[in-house]
Amino acid sequence: MKKEVFTTPKKSSALNKIKEWSSLNSTFEICGFLGKKDNKYCVVMCENQSKTPQLNFSIDPMDYLLFLDENEPVALFHSHIKGDEEASEKDIMMSENSCLPFLIYSLNSGKFSIHIPKENIADVEVLSKLKI
């Protein structure tokens, strides 16, 4: 899968794009980044490089660095194709290690959740406005 990019002035449109991509790819977890650039939301879906994408996700570290270089980060997002939207122990550990909030969308519940790490490099003001 190629990387996909969506830009919008509306936070609701950004979240709806994550829902749409999740629904279109319901057999494996999608993953990517949500950020701000030029006063617009930027949603970038990256290739899930996990060997077991139906169970978890993995993002190329270069994609992470390029995103941080070009955008103000808000969150790393991914979908859960099974279970609910709550962060797993691995999600929490990865969020803490990357210093990025994890925005998780569950296909089963149709809901989002967010885990905010103790050390956070994301735009907290934008994050608080998501109201998921």
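Everything numeric here is computed off the predicted structure, so don't read it as measured data.
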Inset, instruction - Apply the test side-chain contact (heavy atoms from CB on, under 4.5 Å) to residues Phe112 and Lys19: give CA-CA distance (whole Å), side-chain angles for both, the deciding distance (0.1 Å), then the verdict. - result: CA-CA 9 Å; Phe112 282 100; Lys19 289 180 182 181; 3.5 Å; yes
Legend entry - Criterion side-chain contact (heavy atoms from CB on, under 4.5 Å) on Glu96 and His115, from CA distance to verdict: CA-CA 9 Å; Glu96 296 295 334; His115 172 78; 3.0 Å; yes
Inset, instruction - Would you sort out whether Leu103 and Leu34 count as a side-chain contact (heavy atoms from CB on, under 4.5 Å), showing the intermediate values? - result: CA-CA 9 Å; Leu103 178 65; Leu34 171 64; 4.1 Å; yes
Legend entry - Working for side-chain contact (heavy atoms from CB on, under 4.5 Å), residues Asp91 and Ile104: CA-CA 9 Å; Asp91 291 337; Ile104 304 163; 3.6 Å; yes
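Between Pro117 and Leu100 there is no side-chain heavy-atom pair separated by less than 4.5 Å. You'll find the side chain of Phe6 reaches within 4.5 Å of the side chain of Ser13, heavy atoms only.
Residue Glu20 forms a side chain to side chain contact (heavy atoms under 4.5 Å, CB included) with just one option from Ile18, Asn16, Leu24, and that option is Leu24.
Between Phe102 and His78, the ring planes are perpendicular. Angles over 60° get that label, and only those under 30° would be called parallel. Ring pair Phe67/Phe33 is parallel by interplanar angle, where below 30° counts as parallel and above 60° as perpendicular.
The shortest non-hydrogen separation linking Glu29 to His80 is OE2-CD2, 3.9 Å. Of all non-hydrogen atoms in Ser106 and Asp84, the two that sit nearest each other are CB-C, 3.5 Å. Taking every heavy atom of both residues into account, Trp21 and Glu4 meet most closely at NE1-OE1, 3.3 Å. Here the closest non-hydrogen pair linking Gln54 and Ile81 is O-CD1, 3.3 Å. Across all non-hydrogen atoms, the minimal contact from Pro101 to Ser95 is CA-OG, 4.0 Å. In terms of heavy atoms, Ala75 sits closest to Ile114 at CB-CD1, 4.5 Å.
Remark: the backbone N or O of Ser58 is not paired with any side-chain donor or acceptor of Ser50 at under 3.5 angstrom. At least one donor-acceptor pair under 3.5 Å links the side chain of Ser98 to the backbone N or O of Met94. Of the possible polar contacts, none joining the Asn71 side chain to the Val43 backbone as a donor-acceptor pair under 3.5 Å is found. Using a distance-only test at 3.5 Å, with no hydrogens or angles considered, a donor-acceptor pair links the side chain of Thr8 to the main chain of Lys10. Between the side chain of Asn120 and the backbone N or O of Ala122 there is at least one donor-acceptor pair closer than 3.5 Å.
Residues Ile121 and Ile92 fall into different hydrophobic clusters, defined by Ile, Leu, Val, Met, Phe, Trp and Tyr side chains chained together at heavy-atom separations under 4.5 Å. Under a hydrophobic-cluster definition in which Ile, Leu, Val, Met, Phe, Trp and Tyr are linked whenever side-chain heavy atoms come within less than 4.5 Å, directly or via other members, Tyr64 and Met93 are assigned to the same cluster. One hydrophobic cluster, built from ILVMFWY side chains closer than 4.5 Å, cannot hold both Ile59 and Leu66; they sit in different ones.
To the nearest 0.5 angstrom, Phe28 atom CZ is 10.0 Å from Ser22 atom OG. Taken to the nearest 0.5 Å, the CG atom of Leu76 stands 12.5 Å off from the SG atom of Cys99. Atom OG of residue Ser113 and atom CD of residue Glu86 lie 4.5 Å apart, to the nearest 0.5 angstrom.
Residues forming a side chain to side chain contact (heavy atoms under 4.5 Å, CB included) with Lys36 (at least two apart in sequence, or on another chain): Asn39, Tyr41, Glu72, Val74, Val126. Take Asp60 and apply the side chain to side chain contact (heavy atoms under 4.5 Å, CB included) test, not counting sequence neighbours, and it matches Gln49, Met62, Asp63.
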